[in-house]
Amino acid sequence: MAQYLNETSRTFSEYLLIPGLTTKDCVPNKVSLATPLTKFDGNGKPAIELNIPFVSAIMQSVSDDQMAIALAKNGGLSFIFGSQSIEDQVEMIRKVKNYKAGFVVSTANLTPENTLSDVLSLKAKKGHSTIAITSDGTANGKLLGIVTGRDYRVSTDGLDKKVHSFMTPLSELVTAKLGVTLNQANDIIWEHKLNSLPVIDEDGNFKFFVFRKDYDHHKENPSELSDEQKKLLVGAGINTRDYKERVPALIGAGADVLCIDSSDGFSEWQKDTLEYIKSEYGDSVKVGAGNVVDKEGFLYLVEAGADFVKVGVGGGSICITREQKGIGRGQATALIEVAQARDDYYASTGTYIPICSDGGIAQDYHMVLALAMGADFLMMGRYFARFDESPTRKLLVNGNYVKEYWGEGSNRARNWQRYDMGGDDGLKFEEGVDSYVPYAGRLKDNLAVTLGKIKSTMCSCGTTSITMLKNKAKITLVSSVSIVEGGAHDVILKDANR
Ligand code: IMP
């Protein structure tokens with residue numbers, strides 16, 4: 001006979017936090033949001049720690065290199081989506097690892113033998129008007145010149161005109177040597193009235209551009225998440241099919257952490273993947289697994305070697321897994337059970353495996369509830385998809401700006417590996433939708449508001465760290481009637497859009 005769990009499975013909106021004593025030193029600017037991302041090593045410290053408890057979802061419509069750079073600069077981490085070719089994913093990882101504030105690895109490069117027509121189509125494709133001309137047309141070939149809009153006249157120049165006949169050659173360019181600081185580079189830009197300054201190494205190989213317009217955007221960021229060489233940290237999604245080729249390529253490109261991406265992670269496919277990675281790389285490669293919704297699933301992945309475990313089936317905003325397959329669990333209930341399993345595992349083995357609450361965060365206050373319920377960090381898709389930095393188009397729909405946001409299990413993403421149950425039976429059905437989310441502006445500005453709310457709630461609970469919050473939080477279930485009481489009620493709102 002089937003086993004029945006008679007406890008109702010619940011989600012975040014059904015809970016609230018009860019304020020604790022706020023002492024005088026419990027103020028938002030003393031709150032630390034640092035939190036472990038991966039398993040603790042022998043010294044009782046996580047191998048990787050986040051400065052804010054957010055990671056962006058392993059999704060085409062959320063996590064590319066631009067999102068990864070923006071989020072790491074603000075203390076979180078992106079897992080670059082794996083539903084693309086290994087080469088393309090590697091390229092995105094490289095771009096993040098090569099990023100240095102103000103030093104831009106050029107993505108628009110040609111050789112002197114290319115034509116004006118190539119310049120125009122590259123400009124249209126990449127959106128950059130400054131093109132580096134190198135010996136081999138790559139971002140690291142010998143620098144031979146640059147082409148900007150000032151070098152050609154579309155109305156009179158023939159489209160088959162060769163680049164070498166109109167580029168500004170190296171001999172006429174002001175360049176800087178690798179090792180130049182951002183301040184020095186900017187002094188050169190001002191002194192010579194340049195728009196861009198190419199930086200080359202001692203052999204004349206092209207390394208970076210420094211652009212005049214970027215300078216103001218690149219002030220130091222105190223919460224930046226970077227490694228010892230000051231390179232930003234970045235993660236990558238992998239699947240249980242091509243990991244033997246994908247993992248070495250991603251590690252070679254500098255990925256700091258991997259995560260197996262699947263809607264149902266309680267599977268022998270995940271175990272095989274974890275065991276393969278651990279047998280090839282030992283503990284030097286960190287890899288998370290999931291998603292699971294109960295203690296059994298958590299322990300299974302931990303025993304197989306997971307460095308963190310992701311929790312959540314069917315709660316994502318674009319997710320229709322529950323409707324399609326009838327599997328899943330209320331996100332809060334799943335999280336509470338897995339957090340207990342994590343604590344019990346820690347008590348009995350001394351090994352702390354962080355857990356991630358993935359999907360279903362619809363309000364900022366859900367984030368602090370998830371942390372109080374035991375999540376070490378949160379993975380979010382919808383939240384990040386709304387920002388300038390997400391990879392999707394910003395559109396005007398019915399008078400409002402929106403961004404596109406589609407699930408990995410939608411026909412648009414066609415990430416069938418994520419939903420793979422093994423075998424090649426060809427059974428494919430959608431588990432996600434294609435949608436819009438309201439456009440919300442810059443990641444940095446939105447994060448500042450969200451993190452401000454989280455810190456303020458933590459102070460109301462009398463806590464100044466995530467560990468304290470987990471240990472001290474008092475959480476109550478709320479009735480549907482009291483949920484209504486939680487919003488503005490029994491008044492006529494002046495702003496109907498509120
Ligand atoms: P959100 O933050 O509520 O938008 O949820 C994002 C999460 O939904 C992701 O991190 C995935 O775990 C999950 N997800 C992504 N695409 C799909 C899909 O197509 N179907 C079901 N779940 C998805």
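Just follow the structure's listing: the first ligand is 1, and inside any ligand the first atom is 1. Any value given below was found using the heavy atoms of this structure, including those in side chains, with hydrogens, waters and symmetry copies removed. When a residue number appears, it is its place in the shown sequence, counting from 1.
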Study note, to complete from the structure: Atoms of ligand 1 under 4.0 Å from any heavy atom of Gly432, numbered from 1 in the order shown, are 18 (C), 19 (O), 20 (N)
Exercise for review: May I ask you to check whether Ser357 and Gln331 show a side-chain donor-acceptor distance below 3.5 Å?
Suggested key: yes
Review point. Ligand 1 and Gly409, any nitrogen or oxygen pair closer than 3.5 angstrom?
Key: yes
Exercise for review: Output the list of atoms in ligand 1 that are nearer than 4.0 Å to some heavy atom of Met379, sorted by atom number.
Suggested key: 10 (O)
Revision key, fill the gap. From the list Pro28, Cys26, Ser32, side-chain contact (heavy atoms from CB on, under 4.5 Å) with Thr464 holds only for Cys26
Check your understanding: Applying a 4.0 Å heavy-atom criterion (strictly less than), which segment of Glu430 is in contact with ligand 1: side chain, backbone, both, or neither?
Key -> neither
Review point. Does Glu408, backbone or side chain, put an N or O under 3.5 Å from an N or O of ligand 1?
Key: yes
Practice item. Note the single closest protein heavy atom to atom 12 (O) of ligand 1, along with its residue, its atom name and the distance in Å. Key: Asp358 OD2, 2.5 Å
Study note, to complete from the structure: atom 20 (N) of ligand 1 has as its nearest protein heavy atom Glu431 O, 2.6 Å
Check your understanding: So, does Ser263 sit close enough to ligand 1 that a heavy atom of it is under 4.0 Å from the ligand?
Key -> no
Practice item. Check each atom of ligand 1 against the heavy atoms of Ile318 and keep those under 4.0 Å away; list them by number with element. Key: 8 (O), 14 (N), 15 (C), 16 (N), 17 (C), 23 (C)
Review point. Would you call Asp376 and Arg342 a salt bridge, using N to O less than 4.0 angstrom?
Key: yes
Point to revise | Per-atom contacts of ligand 1 with Gly316, taking only distances under 4.0 Å to non-hydrogen atoms | key: 3 (O), 5 (O), 8 (O)
Check your understanding: Are any of the side-chain nitrogens in Asp388 or Lys444 under 4.0 Å away from the carboxylate oxygens of its partner?
Key -> no
Point to revise | Close approach, Trp406 and ligand 1, non-hydrogen under 4.0 angstrom | key: no
Check your understanding: Between Asp227 and Lys97, is there a salt bridge with N-O shorter than 4.0 Å?
Key -> yes
Check your understanding: Hey, is Arg329 close enough to Glu337 for a salt bridge, meaning N to O under 4.0 Å?
Key -> yes
**Study point:** The one among Gly328, Ser317, Cys319 that brings a heavy atom closest to atom 21 (C) of ligand 1
**Key:** Cys319
Exercise for review: Do me a favour and list the nearest non-hydrogen protein atom to atom 2 (O) of ligand 1 with residue, atom name and distance?
Suggested key: Gly381 N, 2.8 Å
Exercise for review: Check ligand 1 against Gly360 and write out every atom of the ligand that is under 4.0 Å from a heavy-atom position of the residue.
Suggested key: 1 (P), 3 (O)
Exercise for review: Number the atoms of ligand 1 from 1 as they appear, then name those within less than 4.0 Å of a heavy atom of Met380, with their elements.
Suggested key: 2 (O)
Check your understanding: Can you tell which of Asn446, Asp364, Thr450 makes a side-chain hydrogen bond (donor to acceptor under 3.5 Å, both in side chains) with Tyr383?
Key -> Thr450
Check your understanding: With a 3.5 Å cut-off and no angle check, do the side chains of Glu430 and Ser410 form a donor-acceptor pair?
Key -> no
Review point. Do any nitrogen or oxygen atoms of Ala57 lie less than 3.5 angstrom from nitrogen or oxygen atoms of ligand 1?
Key: no
**Study point:** Protein heavy atom at shortest distance from atom 18 (C) of ligand 1
**Key:** Tyr419 OH, 2.9 Å
Review point. What residue and heavy atom of the protein are closest to atom 11 (C) of ligand 1, and at what distance?
Key: Arg418 NH2, 3.1 Å
Review point. Do NZ/NE/NH1/NH2 and the carboxylate oxygens of Arg94 and Asp65 come within less than 4.0 Å?
Key: no
Check your understanding: Honestly, is Arg241 close enough over Tyr243, meaning NZ or CZ under 6.0 Å from the six-membered ring centre and within 45° of the axis?
Key -> no
Exercise for review: Let me see the working for Lys73 and Glu224 under salt bridge (Lys or Arg N to Asp or Glu O under 4.0 Å), right down to the final yes or no.
Suggested key: CA-CA 4 Å; Lys73 279 164 78 178; Glu224 186 166 283; over 6 Å; no
Review point. Taking distance alone, with no angle check, do Thr321 and ligand 1 share an N/O pair under 3.5 Å?
Key: no
Review point. With a 3.5 Å cut-off and no angle check, do the side chains of Ser56 and Ser63 form a donor-acceptor pair?
Key: yes
Review point. What atoms of ligand 1 come within less than 4.0 Å of a heavy atom belonging to Arg382?
Key: 1 (P), 2 (O), 4 (O)
